[in-house]
Amino acid sequence: MAGADSATPEPWSAMGPQLITYADRFGGSLQGVRRLMDGPFQGAFAGLHVLPFFVPYDGADAGFDPVDHTRVDPRLGDWQDVTDLAAHHTVVADAIVNHLSARSEEFRDVVERGEDSEWAPMFLTYDTVFPDGATEEDLTRIYRPRPGLPFTPMTLGGRQRLVWTTFTAEQIDLNAVHPLGEAYLDRVLSSLTSAGVRMVRLDAAGYVGKRAGTDCFLTDEAYAVMDRLSSLAHEQGARVLVEVHGHHTQQIDIARRVDLVYDFALPPLVLHTLMTGDTEPFRAWLRIRPENAVTVLDTHDGIGVIDIGPSQLAPDRPGLLSAEQIDNLVETIHANSRGTSRPATGAAASNLDLYQVNCTFYDALGRNDRAYLLARLLQLFVPGIPQIYYVGLMAGSNDLDLLSRTGVGRDVNRHHYTPHEVDEALKRPVVSTLLDVLRARNGHPAFAGRFTCTMDGPVMVLRWDAENGATAQLEADVGAMTFRACFSPRGDGDDGLDITDASLGGTGQDSDMAVIAPGNG
């Protein structure tokens with residue numbers, strides 16, 4: 001085949017798959033999540049990212065607005081439950097470094113006492129960053145994930161102030177470089193690592209270092225915060241995963257100085273590949289992408305398009321897809337979801353990020369089981385640590401009832417699963433086959449070896465070879481939507497695994513998945 005691409009993987013690829021889940025929406029509690037991991041999902045995952053379980057887990061932003069980041073919400077369990085999970089799995093947990101809830105004890109004291117509060121320097125206001133005032137240019141260059149300026153008028157100690165709120169008025173930005181902010185984040189980190197958390201996710205890390213004269217995104221100060229927290233985490237036996245949505249070159253730059261970054265470009269590129277049969281953008285990304293990456297197709301947020309588009313801060317820097325390709329991708333997702341993603345996306349709902357499409361990945365592919373399983377196989381074979389979102393694990397569809405109740409676009413992909421729904425989903429071939437593949441991938445020695453990728457038109461071969469002879473190979477024709485994935489026996493009595501598109505027994509092949517001719521997208 002023409003055009004071989006090869007790379008030597010980082011050891012991260014040897015780590016097994018991880019589950020991403022809310023404790024309340026998938027298991028009901030931390031103990032409920034553990035029962036799933038030890039029961040129907042046994043052997044499929046080496047770790048799990050438990051989305052915010054702090055006080056409260058059900059605030060204004062589904063736990064990403066902690067009132068007390070050092071306490072487990074008692075409705076979900078306690079720190080011992082986290083420790084119990086960590087005894088058998090790598091636990092990933094969030095350090096929400098950019099902000100704290102407006103209802104936190106610290107900020108409520110600032111509201112009451114203003115500058116007389118001991119906590120006042122811990123929070124950002126307009127004049128913290130612009131003590132000498134700001135020009136129109138200073139303000140309009142501030143980078144934010146939604147339109148408008150990042151300030152909310154509030155009365156602090158009887159005085160009207162402009163409080164820095166990057167996301168919502170319920171999330172007050174921290175002064176992460178002030179000693180009070182540093183001490184707060186140190187307490188958060190210690191509470192996690194002392195419970196056995198071994199991978200800390202720095203949420204919204206790109207926004208933590210605001211400085212006049214910059215766009216206030218990924219500044220030197222932001223990198224300094226990442227570096228300091230990474231060093232502290234390493235001292236406490238943990239690694240750091242940095243969460244930043246932005247231009248793909250920014251991910252490459254960040255990856256050079258942190259343990260792990262997300263491959264947020266992968267989800268839209270996989271969709272483009274399967275919808276068009278055009279493998280070139282996917283191949284081009286494989287050549288340059290960082291391998292110390294966590295690979296995802298879906299998360300608690302939407303499907304990012306900012307991660308494959310031109311730079312929002314430097315429009316002369318092109319993206320991995322053209323504007324026309326991105327527009328076609330978004331419209332095809334809406335078509336595949338039968339329009340159910342449209343009312344959940346952009347200005348149509350209460351979204352924190354207008355540059356994402358809110359849709360389950362299964363619906364984005366028209367509920368086509370073959371296409372969906374192929375997408376997951378591509379994710380699992382690309383170098384990095386694969387994380388599988390709980391709705392994606394269940395091949396879930398858009399939850400329009402939840403969306404209508406909350407008006408929050410991202411809730412369309414945040415279904416609350418009952419035990420009965422989990423049991424029913426496990427009977428579906430697409431779910432049971434995905435779990436078989438995850439068990440084969442988990443701990444397979446081939447993924448500690450050498451990765452090669454060969455592409456010839458719509459046909460691609462992704463292969464792993466270890467020094468001990470263990471192999472894993474995915475051969476796929478993305479135009480015909482056919483594939484075969486083979487995992488060699490491990491040598492411990494395991495017989496290996498051989499999965500093809502026929503393994504699904506014909507399910508999902510008659511579903512309506514819109515496609516784009518490569519010349520049109």
Side-chain angles (χ1 to χ4, degrees), residues 20-34 48-86 91-112 117-120 122-124 152 154 163 165-176 180-205 208 229 233 236 238 243 300-301 352 390 406 408 410-411 414 416:
I20 311 173
T21 189
Y22 293 97
D24 62 307
R25 302 179 191 225
F26 202 51
S29 66
L30 290 167
Q31 290 187 6
V33 171
R34 184 182 175 190
L48 72 161
H49 174 192
V50 187
L51 291 161
F53 46 82
F54 317 109
V55 175
Y57 71 81
D58 54 355
D61 189 21
F64 283 94
D65 53 330
V67 168
D68 189 341
H69 204 322
T70 63
R71 288 179 56 219
V72 175
D73 193 310
R75 293 171 293 174
L76 298 179
D78 54 29
W79 283 116
Q80 184 59 50
D81 293 317
V82 178
T83 302
D84 291 344
L85 276 170
V91 172
V92 187
D94 290 274
I96 300 162
V97 298
N98 182 70
H99 49 261
L100 189 59
S101 172
R103 294 179 292 118
S104 65
E105 181 178 345
E106 296 90 340
F107 189 69
R108 284 192 288 110
D109 190 65
V110 177
V111 170
E112 180 181 347
S117 170
E118 65 176 307
W119 303 110
M122 185 169 137
F123 299 97
L124 287 179
T152 299
M154 297 185 183
V163 177
T165 51
T166 294
F167 293 95
T168 73
E170 294 293 322
Q171 294 159 294
I172 312 300
D173 283 30
L174 292 164
N175 189 346
L180 283 175
E182 290 182 343
Y184 166 78
L185 292 176
D186 291 354
R187 291 194 299 273
V188 169
L189 188 61
S190 295
S191 67
L192 296 174
T193 58
S194 63
V197 172
R198 289 297 169 257
M199 192 178 295
V200 178
R201 176 184 182 270
L202 303 186
D203 175 68
V208 296
L229 291 176
Q236 298 174 12
E243 188 254 352
H300 63 285
D301 289 332
L352 300 182
Y390 77 106
T406 67
V408 176
R410 292 179 298 175
D411 276 349
R414 296 178 176 180
H416 293 258

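Hydrogens, waters and symmetry mates play no part in the numbers below; they use all other heavy atoms, side chains included. What you see is a predicted model, and the numbers here were worked out from it, not measured in a lab.
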Query raised in the report: Taking all atoms of both residues into account, what is the closest heavy-atom pair of Ala62 and Pro52, and its distance?
Result: O-CB, 4.4 Å
**Report entry** Arg25 vs Leu51 side-chain heavy atoms within contact, under 4.5 Å
**Finding:** no
Query - Atom of Ser191, atom of Val188 and distance for their closest heavy-atom approach - result: OG-O, 2.7 Å
Query - Main-chain N/O of Leu185 paired with His69 side-chain donor or acceptor, under 3.5 Å - result: no
Report summary line: Applying salt bridge (charged side-chain N to carboxylate O under 4.0 Å, His left out) to Asp301 and not counting sequence neighbours gives Arg410, Arg414
**Report entry** Straight-line distance of Phe123 CZ to Met154 CE, nearest 0.5 Å
**Finding:** 10.5 Å
**Report entry** Donor-acceptor pair, side chain of Glu170 and main chain of Ala102, under 3.5 angstrom
**Finding:** no
**Report entry** Sub-4.5 Å side-chain heavy-atom contact between Val91 and Val197
**Finding:** yes
Query raised in the report: Backbone N or O of Arg187 within a donor-acceptor pair of the Ser190 side chain at under 3.5 Å?
Result: no
Query - Donor-acceptor contact present, side-chain Asp173 to main-chain Thr166, <3.5 Å - result: yes
Query raised in the report: side-chain contact (heavy atoms from CB on, under 4.5 Å) between Glu243 and Asp94: does it pass, once the steps are laid out?
Result: CA-CA 10 Å; Glu243 188 254 352; Asp94 290 274; over 6 Å; no
Report task. Mind listing the closest non-hydrogen atom pair of Ala238 and Val200 along with its distance? Result -> CB-CG2, 4.2 Å
Query raised in the report: Taking C-beta and beyond as the side chain, do Asp186 and Leu229 meet within less than 4.5 Å on heavy atoms?
Result: yes
Report task. Please report the shortest heavy-atom distance between Gly63 and Ile96, naming the atom on each side. Result -> O-CD1, 3.6 Å
Query raised in the report: NE2/His99 to CG/Asp61 distance, rounded to the nearest 0.5 angstrom?
Result: 6.5 Å
Report task. Write down the atom of Trp119, the atom of Val110, and the distance for their closest heavy-atom approach. Result -> C-CG2, 3.8 Å
Query raised in the report: With under 30° as parallel and over 60° as perpendicular, where do the rings of Phe53 and Trp79 fit, or are they tilted in between?
Result: perpendicular
Query raised in the report: Does Thr83 reach the main-chain N or O of Ala195 with its side chain, forming a donor-acceptor pair under 3.5 Å?
Result: yes
Report task. List the atom of Val208, the atom of Ala176, and the distance in Å for their closest heavy-atom pair. Result -> O-CB, 4.1 Å
Requested in this report: Measure the shortest side-chain to side-chain distance between Val33 and Tyr390 over non-hydrogen atoms and say whether it is less than 4.5 angstrom.
Outcome: no
Query raised in the report: At what distance, to the nearest 0.5 angstrom, does CG of Leu85 lie from CG of Leu30?
Result: 6.5 Å
Requested in this report: Kindly say whether Asp81 contributes a backbone atom to a donor-acceptor pair with the side chain of Asp78 at under 3.5 angstrom?
Outcome: yes
Query raised in the report: So do Ser29 and Asp24 actually touch side chain to side chain, heavy atoms under 4.5 Å?
Result: no
Query - pair Leu174-Asn98: side-chain heavy atoms closer than 4.5 Å - result: no
Query raised in the report: Counting only heavy atoms not in Gln236, do more than 12 fall under 6.0 Å of its CD?
Result: yes
Report task. Mark yes when over 12 heavy atoms from residues, nucleotides or ligands other than Gln80 sit less than 6.0 Å from its CD; otherwise mark no. Result -> yes
Query raised in the report: Backbone N or O of Thr193 within a donor-acceptor pair of the Arg198 side chain at under 3.5 Å?
Result: yes
Query - Test item: Asp65 side-chain N/O and Ala60 main-chain N/O as donor-acceptor pair under 3.5 Å - result: yes
Query raised in the report: Is Leu180 close to Glu106 at the side-chain level, that is, under 4.5 Å between some pair of heavy atoms?
Result: no
Query raised in the report: Roughly how far, to the nearest 0.5 Å, is the CD1 atom of Ile20 from the CZ atom of Phe26?
Result: 12.0 Å
Report summary line: CD1 (Ile172) and CG (Leu100) are apart, to the nearest 0.5 Å, by 8.5 Å
Query raised in the report: Has the side chain of Gln171 got a donor or acceptor atom that lies under 3.5 Å from a matching backbone atom of Phe64?
Result: yes
